[in-house]
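Heads up, the thing below is written out as C-alpha cells.
FYI, the numbering just counts along the sequence from 1. If you're wondering where the values come from, they're calculated on a predicted model, not measured in any experiment.
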Amino acid sequence: MSKHLTKRAEDYSKWYNELIVKADLAENSAVRGCMVIKPYGFAIWEKMQSELDRMFKETGHQNAYFPLLVPKSLFEAEEKNAEGFAKECAVVTHYRLETDPDNEGKLRVDPNAKLQEELIIRPTSEAIIWNTYKGWIQSHRDLPLLINQWANVMRWEMRTRPFLRTAEFLWQEGHTAHATKEEALAEAKQMQEVYATFAEQFMAMPVVKGAKSESERFAGAEDTYTIEALMQDGKALQAGTSHFLGQNFAKAFDVKYTSKEGKLEHVWATSWGVSTRLIGGLIMTHSDDAGLVLPPKLAPIQVVIVPIYKGEDQLNAIYDKMKPVIEEMKSKGISVKFDDRDTMRPGAKFAEYELKGVPIRVAIGNRDLENGTVEVARRDTFEKQTVAQTELIDFVANLLDKIQVNLFSKALAYRNEHVTKVDSFEAFKDVIENKGGFISAHWDGTEATEDKIKDLTKATIRCIPNDAVEEEGVCVFSGEKSTRRVLFAKAY
C-alpha cells in the first residue's frame, strides 16, 4: 500500500480515513459500522485510559463493571433516556442457534429459544446501574457513591466514521449518587474540569467549556456540561460531556436514602463520559499531510533511534553506544525504540515514523560514532539538529516538553483565529460557508430558532460558554432580545 496521503486541503475526510489505515491505527471489520483497533491505535487509547483513570481515582472514584445486556423493562423505566436512544438500540431476542434443516451446514435462530424478555445491548448504562444502586444505597452513610466503568457500548449508527462515530465504541462512563442537588451539580462540573484538563494538558487540544442548550442535552439530563474542540477543517468536536441528572433516575428506579434527620429522600445523580472519539480528535487537531502528529504525553513511542550502518559490526557498535542511553531514557519514563530491522532502508523508516507521528527521531551512523554526535529530528516542525551524544538524554527530555507546548500553542492559535463574532444572519452564513470555526452570536433562547438555524446552515449550538458574560443584544436570526452570546458551529 502506498504511504502517500491525500492532502488535507484536497479532501479532508479522505485524508482522515487514509491516515487511520496507513498509520496502522484501525481498520474496518466484518461488522458494518464497527472497527478493529490495531495495536498502535490501542496503545494510544491505553495511554489516554491510564491518565484519565488516575485522574478519576484522584477525585475519589472507583471502578466497577456492569452487564452489557439491559432488560427492556429497565431500559424503559426512565422515559426520556429510553426515547433518546431507542432508534440506536440493538436488541437480543433469542439465545440459541440450531442446524437449519432446509440449508445443510448452516445455522438458524432456534424458534423455541425466544427470550421471555428482550435484552438491549447497552447504548449507555444508566438503567442497569441505577437498578443496581437501589440495592447499594439505603443511608446517607452510603453517599456519595462515586463509580466509573471502562466498557464498550453499541449505538446502531447509520453513518459511521472510524473513531468519531462507530456502531460499537470503547469509553468510560461515570455514574454517581449524592445526598443533595448541590453536591451532584458540583460533581458534574468537577468532571467537566477533569476532562478539560486532560484534553489540554495531555492531548494538547484546547477546549471551550460550556453548557448544552436544552435540545442538545443528554436524554434524561437536567443539564449537560460539555468540552468543545475545533478541528483543522473548521468543524467542532464534542470531546466529552458531564450530565447533571437531577432525581430523574432515582425516581424511575426508586433509589432512596435515609437522611441524617431520618427522612426518606431520593438521591441526586450524575453521569459523565469520554470515548475512543478522543483519538479522532487527536488526529484532527494536530496531524498534517505527512501523517499523524502525536503529543509526546500520549505517543506510544516518544523517541525512535534509527541506526544507519553497513554490516553487522557497525550496527553492533551503534547499539553498544546507544544501549546505556536507551536504558537511562527508559528510567526517566521516556518510551524509546531502537529500530534495527534489516528489512527496510533508513529513509523508509524515517517515512514510517513520520506517518505514525513519533515525536522525536534520532539518527546515528558510523560518522556520528566517530564525532560523538547524533541527528535529532522533531516531528511537529521537521527541524533537525546535531546534538552531542553526551547531551542527548537531557536534550530529548526538554524537547519532548517543548513539542507538547508547541502543539497546544499552535492548536490554540488556530482556535482563537476561528472564533468569529457576528451580529447579522448574513454574516453568520458567510462565516459558516467560507471560514468555518466557532461563531459567537446572540440567540433568543428558543428551540424553534435553534432548529431553523440548523436547517438553513447545518450549524448547531455547541455550547453556552461557562465564561459567557451578560451582554444586551438581539438574536442573530429572530431579532428578539438576547442577554448573552452562544457558540455555533458545524460539528462532527
Side-chain angles (χ1 to χ4, degrees), residues 12-13 15-17 19-21 23 25-29 33-38 40-53 55-56 84-85 88 122-125 148-174 191-192 194-200 202-210 212 216 218-219 224-233 235-243 271-287 292 294-295 298 411 460 462-463 489-492:
Y12 195 79
S13 180
W15 164 82
Y16 174 82
N17 290 332
L19 178 52
I20 285 170
V21 173
L25 300 177
E27 61 186 35
N28 290 325
S29 78
C34 294
M35 64 178 173
V36 175
I37 304 176
K38 299 181 79 172
Y40 193 63
F42 199 78
I44 297 171
W45 178 242
E46 284 180 315
K47 283 219 160 190
M48 290 179 163
Q49 189 177 26
S50 174
E51 295 299 341
L52 283 164
D53 199 62
M55 295 169 86
F56 296 159
F85 286 100
E88 299 173 352
R122 63 177 170 222
T124 183
S125 296
N148 174 65
Q149 80 161 342
W150 292 94
N152 63 335
V153 291
M154 180 158 279
R155 297 179 184 175
W156 211 256
E157 302 276 4
M158 297 311 295
R159 299 179 68 184
T160 61
R161 186 177 296 187
F163 293 114
L164 295 176
R165 198 173 291 277
T166 49
E168 180 194 15
F169 55 89
L170 304 181
W171 77 345
Q172 59 71 214
E173 48 181 322
M191 298 320 294
Q192 182 189 41
V194 167
Y195 289 153
T197 298
F198 173 76
E200 296 195 337
F202 290 88
M203 294 179 67
M205 182 176 77
V207 294
V208 178
K209 295 176 287 187
K212 287 291 190 183
E216 292 283 332
F218 176 75
T224 289
Y225 304 102
T226 183
I227 57 169
E228 299 286 329
L230 193 64
M231 304 295 98
Q232 295 171 351
D233 62 345
K235 287 186 180 178
L237 183 78
Q238 178 182 293
T241 48
S242 179
H243 316 291
S271 66
W272 29 273
V274 295
S275 74
T276 36
R277 161 176 271 232
L278 290 180
I279 297 177
L282 196 70
I283 295 166
M284 293 196 295
T285 299
H286 304 300
S287 301
L292 201 58
L294 293 175
L298 295 178
T460 55
R462 301 319 305 154
C463 69
K490 288 184 179 179
Y492 284 97

- prompt: Do the side-chain N and O atoms of Trp150 and Asp53 include a donor-acceptor pair separated by under 3.5 angstrom?
  reply: yes
query: Sub-3.5 Å donor-acceptor pair from the side chain of Arg161 to the main-chain atoms of Ser13, do we have one?
result: no
- prompt: Would you find a donor on one side and an acceptor on the other, under 3.5 Å apart, between the side chain of Glu27 and the backbone of Ile20?
  reply: no
query: Are side-chain heavy atoms of Gln238 and Lys212 found at a separation under 4.5 Å?
result: yes
- request: Please confirm whether the backbone N or O of Ala236 pairs with a side-chain atom of Glu228, one donor and one acceptor, at under 3.5 Å?
  value: no
query: Are the side chain of His286 and the backbone N or O of Gly281 linked by a donor-acceptor pair below 3.5 Å?
result: no
Main-chain N/O of Val36 paired to Ser29 side chain as donor or acceptor, under 3.5 Å: no
message: Is a donor from one side chain sitting under 3.5 angstrom from an acceptor on the other, for Thr224 and His243?
response: yes
- request: Please check if atom NZ in Lys490 has more than 12 non-hydrogen atoms from other residues, nucleotides or ligands closer than 6.0 Å.
  value: yes
message: Using the rule given for side-chain contact (heavy atoms from CB on, under 4.5 Å), can you reason through Met205 versus Met231, listing the C-alpha separation, both sets of side-chain angles and the distance that settles it, and then say yes or no?
response: CA-CA 9 Å; Met205 182 176 77; Met231 304 295 98; 4.1 Å; yes
field: pair Thr160-Met35: side-chain heavy atoms closer than 4.5 Å
entry: no
message: Keeping Thr166 on the side-chain end and Pro162 on the backbone end, is there a donor-acceptor pair under 3.5 Å?
response: no
- request: Would you please say whether a donor-acceptor pair under 3.5 Å links the side chains of Arg462 and Thr460?
  value: yes
query: Taking side chain as C-beta onward, heavy atoms only, is Leu282 less than 4.5 Å from Pro295?
result: yes
message: Donor-acceptor pair, distance only, cut-off 3.5 Å: does the side chain of Arg155 make one with the backbone of Pro123?
response: yes
- request: Only counting residues at least two apart or in another chain, list the ones meeting side-chain hydrogen bond (donor to acceptor under 3.5 Å, both in side chains) with Lys235.
  value: none
message: Using a 3.5 Å distance criterion without hydrogens, assess whether the side chain of Tyr195 forms a donor-acceptor pair with backbone atoms of Gly273.
response: yes
field: Modelled atom types, side-chain donor and acceptor of Glu173 and Ser125, under 3.5 Å
entry: yes
- prompt: Less than 4.5 Å apart, any side-chain heavy atom of Asp233 and any of Tyr492?
  reply: yes
- prompt: Does the Ser287 side chain pair with the main chain of Ile283, one donor and one acceptor, at a distance under 3.5 Å?
  reply: yes
- prompt: Passes side-chain contact (heavy atoms from CB on, under 4.5 Å), Leu294 versus Ile44? Steps please.
  reply: CA-CA 9 Å; Leu294 293 175; Ile44 297 171; 4.0 Å; yes
- prompt: Arg277 versus Phe163: any side-chain heavy-atom pair under 4.5 Å?
  reply: no
- request: From the options Tyr225, Trp272, Phe85, select the one residue that forms a side-chain contact (heavy atoms from CB on, under 4.5 Å) with Phe218.
  value: Phe85
message: What verdict does the side-chain contact (heavy atoms from CB on, under 4.5 Å) test give for Leu164 and Met284, after you've listed the backbone C-alpha separation in whole Å, the side-chain angles of each residue and the deciding distance to 0.1 Å?
response: CA-CA 10 Å; Leu164 295 176; Met284 293 196 295; 3.6 Å; yes
Partners meeting ring-ring contact (aromatic ring centres under 6.0 Å, His included) with Trp15 (sequence neighbours left out): Tyr12
message: Measuring only between side-chain heavy atoms, which start at C-beta, is Leu25 closer than 4.5 Å to Lys38?
response: no
field: Sidechain N-carboxylate O distance under 4.0 Å for Glu200, Lys209
entry: no
- prompt: Taking it one step at a time, do Phe169 and Val153 satisfy side-chain contact (heavy atoms from CB on, under 4.5 Å)?
  reply: CA-CA 6 Å; Phe169 55 89; Val153 291; 3.2 Å; yes
